[in-house]
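Working notes for the structure below.
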Amino acid sequence: MTDGETGRNFITEIIDEHNETGRFNGIVHTRFPPEPNGYLHIGHAASIYLNFGIAERYGGLCNLRFDDTNPAKEEQEYIEAIIEDARWLGYDWDDRLYFASDYFDELYEMAVDLIRIGRAYVDELSPDEIRTYRGTLTKPGKESPFRNRSPEENLRLFEKMRAGGFKEGEAVLRAKIDMTSGNINLRDPVMYRILDAPHPRTGDKWKIYPMYDFAHGQSDSIEGITHSICTLEYEDHRPLYDWYLDNIEIFHPQQIEFARLNVSHTVLSKRKLIRLVQEGYVSGWDDPRMPTISGLRRRGYSPEALREFCENFGVGKVKGVVALHNLEYHLRQHLNKTANRVMAVINPLKVVIENYPDDLVEEMEAVNNPEDASAGTRMAPFSKVLYIERDDFMEDPPRKFFRLAPGREVRLRYAYFITCTDVIKDEDGEVIELRCAYDAATRGGSAPDGRRVKATLHWVSAQHAIKAQARLYNNLFTVEHPDSDREVDFTEFINPDSLTVVDPIYVEPHLQNAQAGERFQFERLAYFVVDQDSTAEKLVFNRTVALRDQWRKQQKKAGKAGRKTQRKAKPAPKP
RNA sequence: AGGGAAGUAGCUCAAUCGGCAGAGCAGGUGCCUUUGGAGCACAAGGUUAAAGGUUCGAGUCCUUUCUUCCCUGCCA
């Protein structure tokens with residue numbers, strides 16, 4: 001992150017320089033160019049943020065353009081999903097929604113121009129032969145026997161390709177550059193290939209389709225893009241990007257490459273994401289454990305949190321992996337400010353207030369969001385029989401456990417102080433019920449005599465609580481970098497406990513009419529969102545992210561320290 | 001006969017013309033609290049991949065070395 005002025009990075013430096021030299025007359029126009037062959041994920045969110053953010057920063061515009069040059073892999077379904085996700089993230093491209101396929105006619109004419117000036121030719125080598133002729137990383141390639149046909153013959157053959165006179169694989173159009181270049185992209189790259197597949201937008205009008213390299217720069221040029229921001233793997237393509245624009249002699253945007261975003265404890269490659277879906281490790285592209293935008297949305301992430309995250313992590317050329325806790329930090333940050341609080345008990349323990357009147361029900365006023373006074377208050381019913389969280393009671397508590405224990409007094413949030421007077425167990429010795437006494441003078445949660453308690457517990461009234469389902473999500477992978485092991489398949493690292501369904505949990509009746517997508521904080525537990533599977537009869541909540549938990553952290557640390565001392569007992573061999 | 005790119009705190013990034021190596025997050029210690037949440041304070045964290053050179057002065061300039069990543073699709 002930058003200190004002082006935010007949002008500065010190596011890209012803004014390049015743009016500032018362009019503005020100083022007047023290369024683009026002070027104009028900044030970017031584009032976000034997804035291929036419609038899959039769903040958007042958190043990495044794309046970073047790219048969208050970058051492209052739209054840069055444009056906004058310089059008072060320019062950003063287009064949404066689909067790079068739809070390979071109909072064999074692309075589908076209308078993806079186009080629609082990508083538009084929906086990009087909108088949800090909060091971006092707006094007005095009427096500047098474009099498709100590379102919009103430019104197929106112009107691209108064809110550009111190819112014809114290159115043929116005319118002798119810089120492109122139709123090659124009838126087979127795919128295998130082309131590969132062999134290309135050479136290797138350390139050996140130069142050699143020229144195709146078809147390389148020196150006349151422009152007239154090439155024109156005729158290219159027209160034959162367009163008209164369907166060749167089958168797939170029988171001919172391609174190639175740029176005539178340099179078969180000995182150290183940069184393999186310059187060894188006569190393919191410009192057009194024959195594809196026998198209907199295109200989602202142009203139908204069966206075309207038999208030939210431009211390659212990415214022949215389409216991208218010219219599409220940028222046609223749209224007046226000034227700064228074409230892409231990921232690092234295109235660094236080797238920039239000389240080709242430049243070559244096409246220079247030889248066609250049209251407006252020349254600047255390609256700039258940055259390191260794509262990676263996040264720990266997940267995978268982002270399309271291939272791996274598809275496997276997670278197809279092999280049934282998750283329920284679909286929008287499974288709340290997926291790093292897709294639709295998955296994150298269903299998990300309860302907010303667009304604001306995602307944007308804050310993107311703003312916070314810097315843009316650079318260093319390939320790195322951002323720790324997941326960074327994302328979660330911004331998520332909690334936003335949810336803390338916006339999510340209404342509510343009480344819910346996930347693992348119930350019955351509490352009977354013995355000195356509370358049998359039939360009395362009191363409505364306790366509860367604050368919806370201590371961070372936002374405008375969120376107001378609600379009423380929560382209190383009665384003789386309650387549920388508290390099982391974890392909030394220990395019969396024989398360790399020294400630093402502040403919650404309920406035999407003989408100890410704690411506060412029930414927004415209600416009363418209670419003291420545990422008796423513990424009821426079943427025949428196996430399992431605690432099944434607590435008997436408590438309340439102090440009527442502590443209504444609202446404070447004692448007139450000024451005495452303090454060390455803990456405040458959440459609770460629900462047993463007879464008023466609504467039963468709901470909770471889906472408790474954890475990281476999909478148990479390790480930071482599931483795809484960095486060359487021998488072990490990433491699926492081996494899938495967390496067997498990535499989803500725990502708890503049914504029923506008990507929630508305040510206030511939640512009765514909660515709608516899908518509404519986010520709440522279950523006090524002292526976690527943030528939850530109402531899932532789309534929710535119905536009027538059965539509410540379903542997805543755990544978005546747990547609250548930070550000092551107690552659990554302390555326990556974990558104590559456990560680790562124990563193991564460490566054991567290990568220490570064995571002297572380490574000297575190096 | 002290989003080409004391209006990158007190395008600064010655990011992670012992500014700053015450091016103006018060559019001028020005292022700084023932030024956020026994570027981790028640590030306290031404080032506070034009607035969420036063990038939130039918040040606040042403090043401390044810690046570095047041989048700037050390494051070596052050599054230029055210079056009054058090098059993260060920055062030069063040389064060499066090392067490490068990591070990308071490139072041999074008619075994918076994008």
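Chain letters run A, B, ... following the sequence lines, proteins first, then strands; residues in each count from 1.
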Just call it for [X]: base, sugar-phosphate, or nothing, with non-hydrogen atoms closer than 4.0 Å on any strand.
| X | value |
| --- | --- |
| A/Y234 | base |
| A/E235 | sugar-phosphate |
| A/Q333 | sugar-phosphate |
| A/T442 | nothing |
| A/T180 | base |

Is a donor-acceptor pair below 3.5 Å formed from side chain A/R187 to base B/U72, judging by atom type as modelled?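 No such pair is found, so the answer is no.
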Taking N and O atoms by type only, does the side chain of A/Y329 place a donor or acceptor under 3.5 Å from a partner on the base of B/A26?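 Such a pair does not exist between side chain and base.
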Does [X] place a side-chain N or O at less than 4.0 Å from the phosphate oxygens OP1/OP2 of [N]?
| X | N | value |
| --- | --- | --- |
| A/R238 | B/G4 | no |
| A/R134 | B/G73 | yes |
| A/R341 | B/G37 | no |

Passing option when A/V345 is tested against A/V460, A/L525, A/D392 for side chain to side chain contact (heavy atoms under 4.5 Å, CB included):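 Only one of A/V460, A/L525, A/D392 forms a side chain to side chain contact (heavy atoms under 4.5 Å, CB included) with A/V345, namely A/V460.
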Rounding to the closest angstrom, what is the interatomic distance between B/U68 and B/A49 at atom C1'?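 The answer is 11 Å between these two C1' atoms.
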State plainly whether the residues A/R403 and A/E389 are in salt-bridge range, i.e. N to O under 4.0 Å.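 So A/R403 does not pair with A/E389 through a salt bridge.
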